[in-house]
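Step one of this worksheet: look at the structure below.
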Amino acid sequence: MIAIAGKNPLDEFNDALVNDALELIAPCVAIPAWAESLVAARPYPTVNALQHYASQLTLDWGRAELNLALAAHPRIGEKPQGSGKEALLSRGEQSTVDTQNRVLKEALAQGNTEYEAQFGRVFLIRAKGRSGEEMLSELHRRLNNSPAEEEAEALEQLRQITLLRLEGAFAQ
Ligand SMILES: NC(=O)NC1=NC(=O)NC1=O
């Protein structure tokens, strides 16, 4: 949440120095080029215009961006560690996962291990609004994807996570 006394988040972002503006949106996704392009196109007349351009920029993402971004996304079902903004956001997004449910927790851990063995990267899913059970069934479904299908699905989930975080950062 970009909250500086008195100014609305959009004005704050538009008026900020480049490095401050980059810092404001860095927690959305760990893809520097995305943040740099978004900051370079300031000022934005509305939050909608900002979000539209941010969404357009995500269409260029491929495997390299996916692998870059995954470093900042803890596994589903593992309590996101760390004190950074990303960890805070991840904890919020994953708050629906009932980590007290040992059976679910173990099934997610098992699924994550299988997924990583099969696709060579962390399973990524937009967790906000999804229960742990829903994410487990999505994980099982996606284990049947081909590598190409799965890369496309993972990228779409990364786009959703990123744009939801951006929305949150500019919410009044
Ligand atoms: N591996 C993941 O899917 N992680 C995450 N999904 C989210 O929506 N937030 C995360 O940290």
Side-chain angles (χ1 to χ4, degrees), residues 1-2 9 22-35 38 47 50-52 54-171:
M1 178 55 153
I2 299 165
L22 286 170
E23 228 171 275
L24 291 173
I25 58 170
C28 294
V29 70
I31 300 176
W34 176 80
L38 205 54
V47 174
L50 165 67
Q51 285 177 334
H52 179 71
S55 178
Q56 291 298 104
L57 287 171
T58 66
L59 298 176
D60 298 337
W61 289 352
R63 182 175 313 173
E65 287 74 19
L66 183 58
N67 291 332
L68 204 53
L70 279 175
H73 284 275
R75 288 186 183 83
I76 288 295
E78 284 184 6
K79 259 287 164 250
Q81 303 307 317
S83 56
K85 186 83 168 81
E86 287 92 341
L88 194 72
L89 288 166
S90 288
R91 271 195 294 278
E93 288 147 357
Q94 296 198 34
S95 58
T96 50
V97 180
D98 169 15
T99 47
Q100 302 314 313
N101 176 336
R102 288 199 54 70
V103 171
L104 171 67
K105 195 169 159 60
E106 263 149 40
L108 282 170
Q110 174 61 35
N112 277 317
T113 303
E114 262 173 69
Y115 181 98
E116 288 169 36
Q118 190 169 323
F119 294 109
R121 58 172 184 267
V122 167
F123 170 67
L124 187 74
I125 187 168
R126 182 262 299 153
K128 192 168 183 172
R130 282 184 162 127
S131 68
E133 290 74 7
E134 253 179 277
M135 289 192 277
L136 182 62
S137 65
E138 273 294 274
L139 201 169
H140 289 154
R141 175 182 68 77
R142 286 167 55 184
L143 279 169
N144 299 317
N145 279 344
S146 70
E149 285 165 344
E150 184 47 29
E151 187 176 294
E153 286 222 44
L155 275 167
E156 173 53 26
Q157 296 303 298
L158 183 64
R159 293 185 67 236
Q160 290 182 24
I161 294 167
T162 303
L163 297 175
L164 280 169
R165 289 184 174 184
L166 187 71
E167 198 178 309
F170 285 87

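Whatever order the structure lists ligands and atoms in, that order sets their numbers, starting from 1. Here the structure is a predicted model, which is why all the values come from computation and not from measurement.
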For atom 8 (O) of ligand 1, which protein heavy atom lies nearest, and how many Å away is it? Ala127 N, 2.8 Å

Relative to the heavy atoms of Ser90, which atoms of ligand 1 are at a distance of less than 4.0 Å? 10 (C), 11 (O)

Stepwise, does the salt bridge (Lys or Arg N to Asp or Glu O under 4.0 Å) test hold for Lys128 with Glu167? CA-CA 13 Å; Lys128 192 168 183 172; Glu167 198 178 309; over 6 Å; no

Any idea which protein heavy atom is nearest atom 7 (C) of ligand 1, and the distance to it? Ile125 O, 3.4 Å

Sole candidate of Gln81, Arg165, Arg75, Lys85 that passes side-chain hydrogen bond (donor to acceptor under 3.5 Å, both in side chains) when paired with Ser90: Arg165

Might you work through the side chain to side chain contact (heavy atoms under 4.5 Å, CB included) test for Arg121 and Glu150, ending with a clear yes or no? CA-CA 11 Å; Arg121 58 172 184 267; Glu150 184 47 29; 3.9 Å; yes

Could you tell me, atom by atom, which parts of ligand 1 come under 4.0 Å of a heavy atom of Gln94? 4 (N), 5 (C), 10 (C), 11 (O)

Any idea which atoms of ligand 1 are less than 4.0 Å away from a heavy-atom of Arg126? 8 (O)

Can you tell me the protein heavy atom closest to atom 2 (C) of ligand 1 and the distance? Pro74 O, 3.4 Å

Knowing that exactly one of Ile125, Leu104, Asn112 qualifies, which makes a side-chain contact (heavy atoms from CB on, under 4.5 Å) with Leu136? Leu104

Counting from 1, what ligand 1 atoms have a heavy atom of Ile161 closer than 4.0 Å? 6 (N), 7 (C), 8 (O)

Give me the nearest non-hydrogen protein atom to atom 9 (N) of ligand 1 as residue plus atom name, then the distance to 0.1 Å. Glu93 OE1, 2.7 Å

Of all residues at least two apart in sequence or in a different chain, which pass the side chain to side chain contact (heavy atoms under 4.5 Å, CB included) check with Ser146? Ala148, Glu149

When you measure from the side chain of Trp34 to the backbone of Ala54, do you find a donor-acceptor pair of N or O atoms at a distance under 3.5 Å? yes

